[in-house]
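Worksheet: one structure, shown below.
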Amino acid sequence: MASSSHHEGFGGRPLWAEIDLDALAYNVQALKGQASGAALAAVVKANAYGHGAIAIARAVLEAGAERLAVICVDEGEQLRRAGLGAPILVMGHSPISDARRIVQLRLTPTVNSQEMAVALAAAASEEGVNQPIHLKLDSGLSRYGLLPQELISLAESIQHLSPLVVEGLFTHFASADEEDKSFVLQQFKLFLEVAERLPWISIRHVSNTASLLDMPEISLDLVRPGIGIYGCYPSRWVNKGLKLRPVFTLKSRIARLTRLLPGQCVSYGRTWTAPRLSLIALVMCGYGDGLPRSLSNRGSVLVRGQRAPIVGRVCMDMCMADVTDIPNVAVDDEVVLIGRQEEGNIPVEEIAELCDTINYEILCGIAARVPRVYMREGRVVGSETLVQGLSAVGVGAS
Ligand SMILES: *Cc1c(COP(=O)(O)O)cnc(C)c1O
């Protein structure tokens, strides 16, 4: 395990997220191997599921991803400004007023109206470029996308609207992470029926992480894994035969140790009372950092590889852990809130379960004020803090 002493001072507070770029590269390659020859668009929306979009985008491309996928134009612009040149698919809705910006940024938007197509074509012809777009079929998620008839008529009406190039056709599954795949197959069948009507659209894609793990045979031309590249499984039901490696670890250090007498209470509302002479560690991480408040009196942290229960309410900026049973505990000892430490492990899924949510939400919720520290072979290769931007020593050329 890497020594962490040189992380102190990141952001001025002993709290940081360690992002394992070796694990990330391993996951990208493992998922590509699963995709039977399809290209891979790494989904880096929502600040790369909390991991830091710019560093992650560089690292996944270096690891073999061909494309990036985001939800909105701002996320695409952030990556372009950081110098990333790969194709970037904007999978969400973009307003017509963003047409010129999309063209100038060389983004690949998802188009769902004739008006948007016309606006993009006009801007692209002024800029003198071809403008690739994708179309999204709503095959049963009932969220974003066009219904089969709408999609086919839009596609046919813009097929020759140069310099627009209808490059891709995709859909998104409603329940790929569940055991019962019958609705996935129903959606896939509908997708193929529409795709057959539009054989001139070259890139067809449907797979998120769950369907890539469970149904690799439907990878088509491109796969779009998100959670999997971060080393997490979309649900407990998916096939875990492909071993993914968690990328994210949330770390801190004990800021203070306090001895409490039996009967003394900890934190707001005095919800925890020391049952015995207790040793309480102060940890500088709270719900303002993305540590859910519902872990109050339920979660735990790792110190010296052992579990210490979180006692009292998690505050905005701090929480407290009962370290009475951990021998030799000392101020400045490393604390792991999410991830592994020696023989100990607090997977993000455990936290999600305690909070009645999914691993995605916990990772996306890690706040911007938590510094991201990028690791390769156990060494720091870059970092990003609230004030510093990404300093990417050897994170890899884009
Ligand atoms: C977020 C998203 C993905 C990635 O999903 P994972 O479950 O994280 O693999 C793929 N496609 C679309 C359209 C998405 O919005």
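First listed ligand is number 1; within each ligand, the first listed atom is number 1. The model shown is predicted, which means the values in this text are computed figures rather than measured ones.
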- Message: Looking only at the side chains, is there a donor atom on one of Q187 and T171 sitting less than 3.5 Å from an acceptor on the other?
- Response: no
- Under 4.0 Å from ligand 1, counting heavy atoms only, is it the side chain of H172, its backbone, both or neither? side chain
- Message: Check the orientation of F173 and F188. Use parallel for under 30°, tilted for 30 to 60°, and perpendicular for over 60°.
- Response: perpendicular
- Pull out every atom of ligand 1 sitting under 4.0 Å from any heavy atom of Y49, numbered as shown with elements. 1 (C), 4 (C), 5 (O), 6 (P), 8 (O)
- Heavy-atom contact under 4.0 Å between Y144 and ligand 1? no
- Message: Quick check: G226 and ligand 1, any N/O pair under 3.5 Å apart?
- Response: yes
- Identity and separation of the nearest protein heavy atom to atom 7 (O) of ligand 1: Y360 OH, 2.6 Å
- For atom 14 (C) of ligand 1, which of H205, K136, K45 has the closest heavy atom? K45
- Message: Set out, in order, the CA-CA distance, both residues' side-chain angles and the distance that settles salt bridge (Lys or Arg N to Asp or Glu O under 4.0 Å) for R197 and E193, then state yes or no.
- Response: CA-CA 7 Å; R197 299 275 302 274; E193 283 165 18; over 6 Å; no
- Considering the heavy atoms of I227, write down every atom of ligand 1 situated less than 4.0 Å from one of them. 6 (P), 8 (O), 9 (O)
- the protein heavy atom lying closest to atom 9 (O) of ligand 1 turns out to be T209 OG1, 2.5 Å
- Item | Residue-ligand contact P225/ligand 1, heavy atom below 4.0 Å | yes
- Should R100 and E126 count as an ion pair when the cut-off is N to O under 4.0 Å? yes
- Decide whether an N or O pair under 3.5 Å exists between N208 and ligand 1. no
- Item | Salt bridge flag under 4.0 Å for residues E62 and R376 | yes
- Message: If the contact criterion is a heavy-atom separation under 4.0 Å, does R143 count as touching ligand 1?
- Response: yes
- Between D221 and R204, is the closest basic N to carboxylate O distance under 4.0 Å? yes
- What residue and heavy atom of the protein are closest to atom 10 (C) of ligand 1, and at what distance? R224 O, 3.4 Å
- Pick one: which of D138, I71, T110 meets side chain to side chain contact (heavy atoms under 4.5 Å, CB included) with Y144? T110
- Task: Answer yes or no: is there an ion pair linking K45 with E75, defined by an N-O contact shorter than 4.0 Å?
- Result: no
